[in-house]
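Here's the structure, in C-alpha cells; my notes come after.
Computed from a prediction, not measured in an experiment: that's the story for all the values here. Convention: sequence-line order gives letters A, B, ...; per-chain numbering from 1.
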Amino acid sequence: MPELPEVEVVARTIASEISGKVIEEVEVFWPKIVNYPDDVEEFKLNIKGQKIGQIRRTGKYLRIEIGDHFELVVHFRMTGKFQRIVKQDKNQKHLHLFFHFVQEEEGLAYIDVRKFGDIFLVPKGEYIRIKGLFHAGVDPLSKDFTFPIFKELIRKKNRHIKAILLDQSMITGLGNYICDEVLWFEGKKGVHPQRLGSSLTDTELKRIFQRIHEVIQESIRLGGNSFRDFSYGEGMKGDFKKMLKMYGRKGEPCFNCGTEIERIIVAGRSTHYCPKCQKNK
DNA sequence: CGCGAATCCTGTCTGC
DNA sequence: TGCAGACAGGATTCGC
C-alpha cells in the first residue's frame, strides 16, 4: 500500500522519465478511476497534446503538471501503480489508463487490481474538488513539520494516537505500516496504539516524532533501491520487509524483548504492537 | 467531537 | 481437491 515514501519514490522516478514528454492521447478503460472531471471525454481532451511539466508529491498524492494550466493528481490507494509499458502490452490485466507519448512506443500505464485509486485533472493549484488534498494536514517532509507543531496537534486530541497519526487532515502521508512502526522504539519502552494523544509525555512525543523521520527516510532509501523492475507504488518487497519491526509480524518475537507481537483493530485498521514494550497505561 | 459501519474491488486465505 | 465465503484495506459518508 503506497504511503508517503512510496509515492515520493514514484515522484522522483517518473520525474526523470516522463518530464518534458508530450502526451499524444490518454486511453481510459475504467472510467470510475477518473474522479474529476465527471466527463471522461473532457478529461481526455484537456490532456491531449499537452506537455508534462514538474512532478511533485503532497502526502500520498502525486501531482503532475499537464501543460500550462492543468494538474493531474493521482492517489494510488491500495493497489494502484504506474508502470512504463509498450503499446503492445496494453491488453494486460488491471490496466485502467494508458498515456501515449508522441513518437514513443513506451507509454505510461495506470494499473490497479482493486480499482480503488483516484485520478483528478484540475486547474493548477485548485484542489477544492480533491477533498483529501484540499484538507491535507502538514506533510512530514515539509519544513512546517516541526516538533512544536506535532506536539500541539497530538496533545489536543482525546483520540487513540494511532487514529490521530492516520488522520490525513492532521498529518498527511502516514499510513498503516508507518504508524505501527513509529510507536515502537528500539531498546526503549514504546507507545501503545490506543494511548490517548492528550496523555502522551514530551519524551514519548519526541521519540514518535523522531521515528516518523527515521521510518520515512529509510523507506525512501529502500524504495529508491528497489524500483529497478519498475513497480512504482509498490514497496513491500525484499529489503523493505526486513526493515519492518512490527507491521505484519503478528505472533513473531518483538526485537526488544522477544514477546509475541499482538494484532488488534484500532481505528478500524489492523494494528501490531508489543504487549510488553507498548503498555496501555 | 469522535466512533463504528458501510462502501468500493478482487486476490488470497480459510474451512469444510 | 474444489468450492464458497470471509477478509483486507484508504478515505469518505452516514448515523449515533
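We find the CG-CZ distance between A:L72 and A:R63 to be 12.0 Å, quoted to the nearest 0.5 Å.
Using a 4.0 Å cut-off between charged side-chain N and carboxylate O, A:K124 and A:D68 make no salt bridge. The pair A:D112-A:R77 does not meet the salt-bridge criterion, since no charged nitrogen lies less than 4.0 angstrom from a carboxylate oxygen.
In the set C:dG10, B:dT10, C:dT12, the nucleotide with an atom closest to the side chain of A:K60 is C:dG10. The A:H94 side chain lies nearest to B:dG11 when the options are C:dT13, B:dG11, B:dC9. Set against B:dC3, C:dT12, B:dC9, the side chain of A:R159 has B:dC3 as its closest nucleotide. With B:dG11, C:dG9, C:dA8 as the choices, the nucleotide that has an atom nearest any side-chain atom of A:S270 turns out to be C:dG9. In the set B:dT10, C:dG10, C:dG9, the nucleotide with an atom closest to the side chain of A:H75 is C:dG10. Considering only the side chain of A:V113, B:dG11 comes nearest among B:dG2, B:dG11, C:dG9.
Rounded to whole Å, atom P of C:dA11 lies 10 Å from atom CG of A:N176. In this structure, CZ of A:R129 is placed 17 Å from C1' of C:dT12, rounded to the nearest angstrom. Computed from coordinates, the A:E3 CD to C:dG9 P distance equals 11 Å when rounded to whole Å. Following rounding to the nearest Å, A:L133 (CG) and C:dG10 (P) show an atom-to-atom distance of 18 Å. Between the C1' atom of B:dC3 and the NZ atom of A:K157 lies a distance of 13 Å, rounded to the nearest Å. Atom NZ of A:K162 is separated from atom C1' of C:dA11 by 15 Å (rounded to the nearest Å). Rounded to an integer number of Å, the gap from CE of A:M170 to P of B:dG2 is 8 Å. Distance NZ (A:K250) to P (C:dA8): 10 Å, rounded to an integer number of Å.
Phosphate contact (OP1/OP2 of B:dC9, side-chain N/O of A:K32, threshold under 4.0 Å): present. Between A:Y247 and the phosphate of C:dG9, there is a side-chain N or O to OP1/OP2 separation shorter than 4.0 Å. Residue A:K93 places at least one side-chain N or O closer than 4.0 Å to OP1 or OP2 of B:dG11.
For C:dG9, its base never sits under 3.5 Å from the side chain of A:R77 at any donor and acceptor pair.
Note on A:K156: nothing from the nucleic acid sits closer than 4.0 angstrom, heavy atoms only.
Along DNA chain C, the nucleotide nearest to A:F116 and the one nearest to A:I130 differ in position, and the one closer to the 5' end is contacted by A:F116.
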* Apply salt bridge (charged side-chain N to carboxylate O under 4.0 Å, His left out) to the pair A:E214 and A:R211, showing each step before the final yes or no. => CA-CA 5 Å; A:E214 279 174 16; A:R211 283 287 288 153; 3.0 Å; yes

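Centroid-to-centroid, the aromatic rings of A:F99 and A:Y110 stay 6.0 Å apart or farther.
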